[in-house]
Amino acid sequence: MKVKPITKEDIKLIEAAEQVIERNYRYGKHHIGAAVRTTSGSIYSAVHLEANVGRIAVCGEAMALGKAISEGDHSFSTIVAVAHPHPHEETERCWVVAPCGMCRELISDYGKDVDVILPYKGETVKVNVLELLPEKY
């Protein structure tokens with residue numbers, strides 16, 4: 001996989017994802033925060049929506065993309081998701097998580113040049129979304 005180091009701008013994006021979930025975390029409702037940076041430099045952040053029926057939950061990445069699109073911003077540069085610890089977990093800090101398969105597909109549908117920030121081999125790195133989705137449908 002071709003990884004890229006994260007930049008100061010990427011750290012700001014991670015912080016935006018952390019801030020949105022730290023403000024809105026609700027056990028059983030919102031566990032993931034996400035943030036997307038558009039090519040214009042704007043950042044949109046959102047939380048995921050949990051549901052009692054798992055198949056209708058909406059991921060944070062989808063919510064952040066939808067928020068940007070709803071504001072008229074359709075060209076994306078970088079996206080990240082973070083998990084907020086639950087009360088029973090030992091850690092108190094959010095951590096970067098990789099997007100699920102559906103989000104990988106969704107992100108690539110809205111931009112083949114979008115970079116995704118994720119943990120890889122003990123580091124936080126950035127990769128092109130198509131690196132995470134070989135042989136895209």
Side-chain angles (χ1 to χ4, degrees):
M1 184 160 50
K2 300 173 195 165
V3 300
K4 306 170 200 174
I6 60 171
T7 64
K8 290 179 185 177
E9 290 79 20
D10 296 332
I11 292 169
K12 289 179 186 175
L13 191 65
I14 294 167
E15 290 170 348
E18 290 171 343
Q19 289 167 3
V20 74
I21 192 59
E22 286 170 355
R23 281 193 317 269
N24 296 294
Y25 172 81
R26 303 289 181 274
Y27 185 79
K29 297 289 184 191
H30 315 296
H31 174 57
I32 304 293
V36 63
R37 184 176 50 247
T38 63
T39 56
S40 68
S42 296
I43 293 176
Y44 299 89
S45 59
V47 298
H48 97 287
L49 303 177
E50 192 62 52
N52 288 333
V53 178
R55 290 187 47 89
I56 60 173
V58 182
C59 293
E61 296 95 328
M63 296 290 292
L65 288 169
K67 189 173 179 182
I69 291 167
S70 295
E71 296 300 321
D73 225 334
H74 296 259
S75 184
F76 307 106
S77 167
T78 309
I79 193 164
V80 66
V82 300
H84 188 284
H86 290 307
H88 61 275
E89 293 177 314
E90 292 182 22
T91 185
E92 294 181 10
R93 293 193 43 99
C94 295
W95 62 94
V96 173
V97 295
C100 72
M102 290 191 307
C103 283
R104 294 171 192 212
E105 187 74 37
L106 181 69
I107 293 163
S108 69
D109 285 348
Y110 284 88
K112 296 187 182 355
D113 293 325
V114 178
D115 285 330
V116 178
I117 298 171
L118 71 156
Y120 182 69
K121 295 186 177 181
E123 294 183 58
T124 302
V125 299
K126 185 167 55 175
V127 300
N128 178 276
V129 66
L130 295 179
E131 289 279 326
L132 303 174
L133 194 64
E135 305 301 323
K136 179 176 167 48
Y137 181 73

Side-chain donor/acceptor pairs under 3.5 Å, residues 88-100, sequence neighbours excluded:
{"residue": "Glu89", "atom": "OE1", "partner": "His86", "partner atom": "N", "Å": "2.6"}
{"residue": "Thr91", "atom": "OG1", "partner": "Arg93", "partner atom": "N", "Å": "3.3"}

Side-chain atoms of residues 127-134: list all donor-acceptor pairs with protein atoms under 3.5 Å, sequence neighbours left out, distances to 0.1 Å.
{"residue": "Asn128", "atom": "OD1", "partner": "Leu130", "partner atom": "N", "Å": "2.7"}
{"residue": "Asn128", "atom": "ND2", "partner": "Lys112", "partner atom": "O", "Å": "2.9"}
{"residue": "Glu131", "atom": "OE1", "partner": "Lys2", "partner atom": "N", "Å": "3.3"}

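Between the side chain of His48 and the main chain of Met63, no donor-acceptor pair closer than 3.5 Å is present.
Rounding to the nearest 0.5 Å gives a distance of 9.0 Å between CZ of Arg26 and CD1 of Ile21. Once rounded to the nearest 0.5 Å, the distance linking CG of Leu13 with CD1 of Ile117 reads 5.0 Å. To the nearest 0.5 Å, the span separating CD on Glu50 from CD1 on Ile56 amounts to 10.0 Å. The structure places NZ of Lys67 at 13.5 Å from CD1 of Ile69, a figure rounded to the nearest 0.5 Å. Atom CG of residue Leu49 and atom NZ of residue Lys29 lie 10.0 Å apart, to the nearest 0.5 angstrom.
Hydrophobic clustering (side-chain heavy atoms under 4.5 Å, transitive across Ile, Leu, Val, Met, Phe, Trp, Tyr) keeps Val116 apart from Ile43. With hydrophobic clusters built from ILVMFWY side chains whose heavy atoms lie under 4.5 angstrom apart, Val82 shares a cluster with Ile11. The hydrophobic clustering, which links ILVMFWY residues whose side-chain heavy atoms are closer than 4.5 Å, places Leu118 and Val114 together. In terms of hydrophobic clustering, with Ile, Leu, Val, Met, Phe, Trp and Tyr side chains grouped at heavy-atom distances under 4.5 Å, Val20 and Leu65 are assigned to different clusters. A single hydrophobic cluster is not seen to contain both Val80 and Ile32; linkage of ILVMFWY side chains at heavy-atom distances under 4.5 Å, directly or through other members, places them apart.
Here the shortest heavy-atom pairing between Ala34 and Ala64 reads O-CB, 4.1 Å.
The salt bridge (charged side-chain N to carboxylate O under 4.0 Å, His left out) test applied to Lys4 returns Asp115, not counting sequence neighbours. When the side chain to side chain donor-acceptor pair (under 3.5 Å) test is applied to His84, no partner is found at least two apart in sequence or on another chain. For Asp10, the salt bridge (charged side-chain N to carboxylate O under 4.0 Å, His left out) partners at least two apart in sequence or on another chain are Arg37, Lys126. Every residue was checked against the side chain to side chain donor-acceptor pair (under 3.5 Å) condition with Glu71, not counting sequence neighbours, and none meets it. Shown here are the side-chain contact (heavy atoms from CB on, under 4.5 Å) partners of Pro87, two or more places apart in sequence or in another chain: Tyr25, Tyr27. Here Asp113 pairs with nothing under the salt bridge (charged side-chain N to carboxylate O under 4.0 Å, His left out) rule; sequence neighbours left out. Residues passing the salt bridge (charged side-chain N to carboxylate O under 4.0 Å, His left out) test with Glu22: none are found, sequence neighbours excluded. Taking Thr38 as the reference, Ser40, Asp73 meet the side chain to side chain donor-acceptor pair (under 3.5 Å) condition, with sequence neighbours excluded.
Residues Val36 and Glu61 fail the side-chain proximity criterion, which asks for heavy atoms closer than 4.5 Å. Side-chain contact between Ile6 and Glu123 is absent, with no heavy-atom pair separated by less than 4.5 Å.
Among residues at least two apart or in separate chains, there is no ring-ring contact (aromatic ring centres under 6.0 Å, His included) pair with a member in residues 61-83.
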